[in-house]
Structures are given as structure tokens and as C-alpha cells.
Amino acid sequence: MAGTNSERVLLTEGPAIILVHPQLGENIGMVARAMANFGLSELRLVSPRDGWPSEKARSAASRADHVIDAVKVYETVPEAIADLNFVYATTARDRYGYKPVRSPLVAAETLRQRFTLGEATGILFGRERTGLTNEEVALADEIVTFPVNPAFASLNLAQAVLLMSYEWLKTSMESREQTSFQALPQNPATKDQLQGLFDHVEEALDARGYFRPVAKKPKLIDNLRAVLTRPGFTESEIRLVRGIVSSLDRFTREAPRGAGAPENSRANKVDDTGDDS
């Protein structure tokens, strides 16, 4: 599966995700996958409609087997949260009561702080169609709600879990700019390499009569040089472009690579990687 790497450390920490009366096994599986993407692993189910275990859930989890294998099933919400110190209830509907309402960002930071202190925490997610009841929300300590289009506020179960899981993982990052991997380092091209590229392209174009009318050649060369010698090229990019020019110089549509190069062509003297030899 793209993006998985068994050689890297598997994150398995954070709040428990509690699904109240989930319906489809596929939805449970997609929740497990979202959790695994962002380092959560404890999934609790309250009276799943189609029972447990579920092969449909395992298939939809896309190899998040460590989450599926550790699922715990409960009959009621009070049983599912009995051992937790702090619980959030998620909802997109207006609720009138005395519980604080938090954004996902604030909720995730609070969960991280409590996790660091050794507290057991959890997040309640309701039914696919109707969400959590008022009685179930009342069992939580605080409410978390998502900033969504007020006229289209319904999220599917996996989306809601993914949003909270994403915010959770962000709280472990050292900075907002941190990423899980970096692009490979590239050496910037030297001025000599840039000049070599320009000379190569200019010669190829000149041989084909590109610079016409002749009176405009100096201006065309200036424009071409401005484009090809600007800062930003890397050594590998220079080699790539010169390789392209060499290939066009050496082969034609009538005699493509593999059909044999025309005799006495300039490219017979130039390696088609772009390096003169």
C-alpha cells in the first residue's frame, strides 16, 4: 500500500476513539484507517449495529490491522468511558447547555496536555445519521465542534474522526512547518554549468535557423539567456535539459532512438546525457 513503511516507528498513542452505535462495517474500517494515519490506535465500539468482528471493517481499514485487532466492544456509553478521566463529545448541531464548546485545535491541545499528565482520555462520535443524543453528550466533559459550512454541516463518520486525529498529531509537531519527510537535497548549478546549457541550446537552435530574421538574433539570444541562466537550476536539472537537447539534436521523428542516429550529426560527438566528451 502506498505510504506505508514497516521499517518506521508506528505511532500508537493518544485518546480513545469511541463510536456510538456505528452502523456499517465499512465506516468502522475507514475510521480505523484515519486513526492509523495520524497515530491513534484505541478504537472502542458501543453496540455496533451489525455486530463485531467485521470482515468489511477489516477490508476498509486498508491494513490498519493493529487498530482493528485491538477493538473493544461495549453495550453502553457509560461502560465505554468508565475508565477515562476526560471525554469530548463531537457534534455539528447547536447544543444548549452548560458544557464548554471547543474548536478541534483547542480540543487537541487539551487532550495532549492531559495525555502528557498520564490521564486517560477519549472522544465520542455519534451515529452516522443522527449523531449523539443529548443524554450521551451530557456524559462528556466538553463539546468539540468543527468549523464547517453552516448550511451543509454533516460530516461522515470517518471524516469527523480524521479531522480530530489530524489535529491530535499536529500537537506533537515541533513547529507548523515540520513535515514527515523532506525532498532530496539538490546541488545548485554553477554559472559554468548554466553557460554550458545556454551554449548547447543556442548552437542547436542556430543550426536549425531559429534566429530569424538575423537582425533580431541579438535580442532573441538575450531573451533566451535570461530564461536559461536565471538562478534556481540544479545540477540534475541542467543535465536533464541538456539530455533533451542532445536527443532532439541526434534523433529525428523519421529516425528515432533505437533506429540508429544519422551519420555525421553533431550529436554523434555528444553523449545524450548532456555531457560533452
Side-chain angles (χ1 to χ4, degrees), residues 1-20 22 26-45 57-58 60-72 80-81 83-92 100-126 128 131-132 140-149 153-184:
M1 175 183 173
T4 61
N5 189 337
S6 60
E7 297 180 357
R8 303 190 72 172
V9 176
L10 181 67
L11 300 177
T12 55
E13 60 180 22
I17 299 298
I18 306 152
L19 307 184
V20 179
E26 293 90 338
N27 288 341
I28 298 172
M30 287 187 286
V31 164
R33 180 178 183 177
M35 292 171 60
N37 284 152
F38 298 102
L40 298 178
S41 60
E42 186 176 354
L43 178 57
R44 302 183 181 190
L45 308 179
R58 185 176 295 278
S62 297
R63 299 188 186 177
D65 293 333
H66 64 290
V67 178
I68 295 295
D69 291 339
V71 164
K72 297 178 182 178
I81 66 174
D83 62 328
L84 303 180
N85 303 110
F86 186 88
V87 176
Y88 273 110
T90 61
T91 181
V101 180
R102 309 298 187 191
S103 70
L105 175 61
V106 172
E109 290 175 343
T110 300
L111 290 168
R112 177 66 65 177
Q113 293 167 2
R114 291 180 175 274
F115 172 77
T116 302
L117 294 173
E119 295 185 22
T121 61
I123 311 172
L124 285 170
F125 293 85
E128 287 93 330
L132 295 169
D141 297 280
E142 295 183 357
I143 292 172
V144 58
T145 190
F146 304 105
V148 293
N149 183 348
S154 178
L155 295 171
N156 70 38
L157 192 55
Q159 287 175 328
V161 172
L162 184 142
L163 287 174
M164 278 306 304
S165 301
Y166 171 66
E167 292 295 344
W168 161 260
L169 186 61
K170 282 169 57 180
T171 62
S172 68
M173 298 169 61
E174 296 179 359
S175 70
R176 293 180 183 272
E177 292 76 26
Q178 182 180 341
T179 59
S180 58
F181 64 90
Q182 299 291 332
L184 295 175

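Note that the coordinates shown come from a computational prediction; the quantities given were computed from them, not determined experimentally. Heads up: numbering here begins at 1 and tracks the sequence.
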*Test R114 against D141 for salt bridge (Lys or Arg N to Asp or Glu O under 4.0 Å), laying out the working first.*
CA-CA 13 Å; R114 291 180 175 274; D141 297 280; over 6 Å; no
*Indicate yes or no: at least one non-hydrogen side-chain atom of K170 is less than 4.5 angstrom from one of F38.*
no
*Please examine the side chains of P15 and F115, heavy atoms only from C-beta on, and report whether any two atoms are closer than 4.5 Å.*
no
_Between N85 and T121 (side chain of the first, backbone of the second, donor and acceptor by atom type, cut-off under 3.5 Å), is there such a pair?_
no
*Sub-4.5 Å side-chain heavy-atom contact between V161 and M35*: yes
*Does Q113 have any side chain to side chain donor-acceptor pair (under 3.5 Å) partners at least two apart in sequence or in another chain, and if so, which?*
none
*Between R58 (side chain) and G29 (backbone), is there a donor-acceptor pair under 3.5 Å?*
no
_If you compare all heavy atoms of P104 against all heavy atoms of F146, which two are closest, and at what distance to 0.1 Å?_
CG-CD2, 3.4 Å
_Test item: T145 side-chain N/O and T91 main-chain N/O as donor-acceptor pair under 3.5 Å_ = yes
*Looking at CE of M164 and CG of L40, how far apart are the two atoms once the value is rounded to the nearest 0.5 Å?*
9.0 Å
*Please walk me through it: do V71 and L45 pass side chain to side chain contact (heavy atoms under 4.5 Å, CB included)?*
CA-CA 7 Å; V71 164; L45 308 179; 3.6 Å; yes
*For residues T110 and R102, determine if any side-chain heavy atom of one lies less than 4.5 Å from a side-chain heavy atom of the other.*
no
*Rounded to the nearest 0.5 Å, what's the gap from CD on E42 to CG on L84? Could you check?*
7.0 Å
*Which heavy atom in A36 sits nearest to a heavy atom in V67, and how many Å separate them?*
CB-CG2, 4.3 Å
*Kindly compute the distance separating CH2 (W168) from CD (E109), expressed to the nearest 0.5 Å.*
11.5 Å
_Approximate separation, where rounding is to 0.5 Å, of L163 CG and L105 CG_ = 12.5 Å
*Interatomic distance, L19 atom CG to I123 atom CD1 [nearest 0.5 angstrom]*: 11.0 Å
_Could you report the tightest heavy-atom contact between R44 and A16, atom names first, then the distance?_
NE-CB, 3.8 Å
*To the nearest 0.5 Å, tell me how far T171 OG1 sits from E167 CD.*
9.0 Å
*Would you find a donor on one side and an acceptor on the other, under 3.5 Å apart, between the side chain of T90 and the backbone of L124?*
yes
*If you take all heavy atoms of A61 and A32, which pair is closest and at what distance?*
CB-CB, 4.2 Å
*Do you know which two heavy atoms are closest between E26 and A60, and how far apart they sit?*
O-CB, 3.5 Å
*L43 side chain near I28 side chain, heavy-atom distance below 4.5 Å*: yes
*Are D83 and K72 ion-paired here, with the side-chain N under 4.0 Å from a carboxylate O?*
no
*Which atoms form the tightest heavy-atom contact between A158 and M30, and what is the distance?*
CB-CB, 3.7 Å
